[in-house]
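See below for the structure under consideration.
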Amino acid sequence: MWVKYSPKTPEQFQGDLLVYLVRQESGKKAPGCLNHKVQAIVERAFRCKDFSGKEEEILLAYPETGPGETAMASRILVVGLGKEPLQRELFRRVGGTIAVTALKTKAKKILVAVPEDLDFSIQEMSECLSEGLLLGSYQFTKHKNFKKKEEEPAQLTGVNLAGGDGKAIRQGIERGSNAAAAVLTARDMANEPGNFWTANHFVEQGKQLAAQYKLGLKVLLQEELQALGMNGLLSVNQGSKEPPALLILEYRTGKKVPTVLLVGKGLTFDSGGISLKPSSNMHDMKYDMCGGAAVLAAVQAVAAEGLTGVDVVAIVPSTDNMPGLGALKPGDVISQYNGKTVEIISTDAEGRLILADALAYGIEQYQPAAVIDIATLTGAVIASLGHHRTGLLSNDDSLAAKLSAAGERSGELLWRLPLDKEYGKQLESQVADLKNVGDKGGGTITAAAFLQEFVGECPWAHLDIAGTAWDCTPRSYITKGASGVGVRTLLELLRAWK
Ligand code: BES
Ligand code: ZN
Ligand code: ZN
């Protein structure tokens with residue numbers, strides 16, 4: 001599906017669905033709309049108390065064409081913007097609401113009138129509406145068979161945005177579409193079940209992105225991983241039939257600019273290993289690779305946009321975590337890429353083991369100005385932040401502030417958790433340098449404290465998306481399954497990188 005600018009005025013549009021956005025008024029006043037016919041419809045609905053213009057409230061109407069009148073669109077959709085100060089996120093949600101409503105109708109030709117009488121940038125409004133429209137119309141039906149044509153879910157082919165300031169609307173559409181396209185790639189990867197998405201699929205996806213966007217590509221397979229001593233990744237892979245891989249994608253501007261390193265957890269299925277998880281929700285652990293998907297998609301968006309202020313390197317360590325013959329056992333001791341030894345307490349705390357190798361290796365190889373890792377790392381983050389905010393932990397206040405701001409702009413909210421030395425004490429082991437699990441609560445923090453052992457002095461931030469990568473708080477533009485969280489935050493951070 002696409003979003004495009006249309007130079008038509010809404011009055012000239014005679015398609016299937018014409019959309020107006022209106023502000024809620026205070027007191028006994030109906031929301032105002034510049035089109036007098038639509039205004040009349042809104043007033044009738046308002047008098048019936050069916051529509052007041054609250055945020056994301058919808059009014060669907062079928063206007064009549066009187067004798068001598070030019071025909072209007074066959075359907076009119078009015079969406080409320082509420083009366084609070086306008087924010088980027090509202091336009092994303094409204095975009096999603098339009099997409100969801102349009103999918104329920106059989107509308108094909110759709111035009112959204114971008115309101116121009118509001119105290120809000122037309123470009124940002126168009127950007128966020130585009131994001132919402134594209135993200136909200138996403139469906140993952142690849143593995144479903146539909147017996148009859150009628151059973152197939154409706155799909156949107158495209159939506160036009162209309163308004164006087166064509167330049168601003170076009171620029172907004174381009175920015176929003178680029179971000180959304182990357183999120184959809186991330187969702188496509190993450191929604192694939194474990195048997196359709198293995199470490200090798202990450203490698204294939206990396207090759208495809210590298211070819212399409214002229215990116216540098218490195219793939220480390222079993223033998224190279226062994227030669228390098230990446231035993232975190234190798235030991236998690238020990239119980240699996242599928243070989244591991246570590247994928248590196250490099251976006252280079254060719255200029256003297258700082259490098260930002262992104263590391264994403266690409267655990268394609270997490271059974272827990274010998275520390276087997278309970279079976280009830282184990283199927284959800286196909287989503288344990290959402291961090292890996294997010295960093296690849298972020299690089300895709302950066303490359304498509306051609307950012308000039310920053311080089312970006314994405315690393316995805318990938319394997320599944322299975323309890324097969326030869327599997328890693330509780331009590332085993334392994335040595336990570338940087339030589340630190342780890343006593344395995346739980347084989348289910350595997351994400352930190354594969355991330356530790358990737359972080360230490362990436363920092364050594366690329367000497368980045370900053371490193372950000374993103375991972376579905378701990379169930380504990382759901383206990384602390386629920387399914388609404390992503391956990392943020394960092395050794396650098398300025399990086400943490402930049403990320404929080406990027407999260408705010410993208411509607412992917414973060415919340416910083418502390419990382420005092422005291423938490424790290426929980427990881428002291430009798431037999432090795434570290435153990436992989438703390439024992440006194442604060443599971444999200446001790447996981448981050450573990451990772452911190454592998455980043456040295458490099459400014460680093462860790463995003464724990466276990467609560468937000470799927471099944472997060474419902475929003476019109478977040479569809480069922482993987483949310484694609486993190487892609488837009490990382491893109492927003494890199495767009496503004498100085
Ligand atoms: N992939 C899980 C974390 C997870 C849990 C993500 C629930 C999404 C929802 C991770 O590998 C894990 O199993 N973590 C353990 C750590 C524990 C053994 C210290 C956890 O959170 O239970
Ligand atoms: Zn696990
Ligand atoms: Zn995991």
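For ligands, and for the atoms within them, numbers begin at 1 and follow the listed sequence. Residue numbers start at 1 and run along the sequence shown. It should be emphasised that the depicted structure is a prediction, and the values quoted were computed from it without experimental measurement.
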Q. Is the gap between the ring centers of W197 and F269 under 6.0 Å?
A. no
Q) Does the ring centre of F120 sit less than 6.0 Å away from the ring centre of F91? A) yes
Q | Polar side chain donor-acceptor pair, R175 to S130, under 3.5 angstrom | A | no
Q: Could you walk me through whether E55 and E84 pass side-chain contact (heavy atoms from CB on, under 4.5 Å), step by step?
A: CA-CA 9 Å; E55 291 186 3; E84 300 300 318; 3.9 Å; yes
Q: Please report the number of protein N, O or S atoms that lie less than 2.8 Å from the Zn ion (ligand 3).
A: 4
Q.
Measuring from atom OG1 of T341 to atom NZ of K435, what distance do you get when rounded to the nearest 0.5 angstrom?
A. 13.5 Å
Name each N or O atom in ligand 1 that is under 3.5 Å from a protein N or O, and give the partner atom and the distance.
from	atom 1	to	atom 2	distance (Å)
ligand 1	1 (N)	K265	NZ	3.3
ligand 1	1 (N)	D270	OD2	3.2
ligand 1	1 (N)	D288	OD1	2.9
ligand 1	1 (N)	D288	OD2	2.9
ligand 1	1 (N)	T376	O	3.4
ligand 1	11 (O)	K265	NZ	3.2
ligand 1	11 (O)	D270	OD2	2.9
ligand 1	11 (O)	D348	O	3.1
ligand 1	11 (O)	E350	OE1	2.8
ligand 1	11 (O)	E350	OE2	2.9
ligand 1	13 (O)	K277	NZ	2.8
ligand 1	13 (O)	D348	O	3.0
ligand 1	13 (O)	D348	OD1	2.7
ligand 1	13 (O)	D348	OD2	3.1
ligand 1	14 (N)	L377	O	3.4
ligand 1	21 (O)	G379	N	2.7

Q. How are the rings of F140 and Y138 set to each other: parallel, tilted or perpendicular (split at 30° and 60°)?
A. parallel
Q. Salt bridge check: are E127 and R88 linked by an N-O gap of less than 4.0 Å?
A. yes
Q: Answer yes or no: is there a side-chain heavy-atom contact under 4.5 Å between D357 and Y361?
A: no
Q: Pick out which of E412, E131, E89 makes a salt bridge (charged side-chain N to carboxylate O under 4.0 Å, His left out) with R475.
A: E89
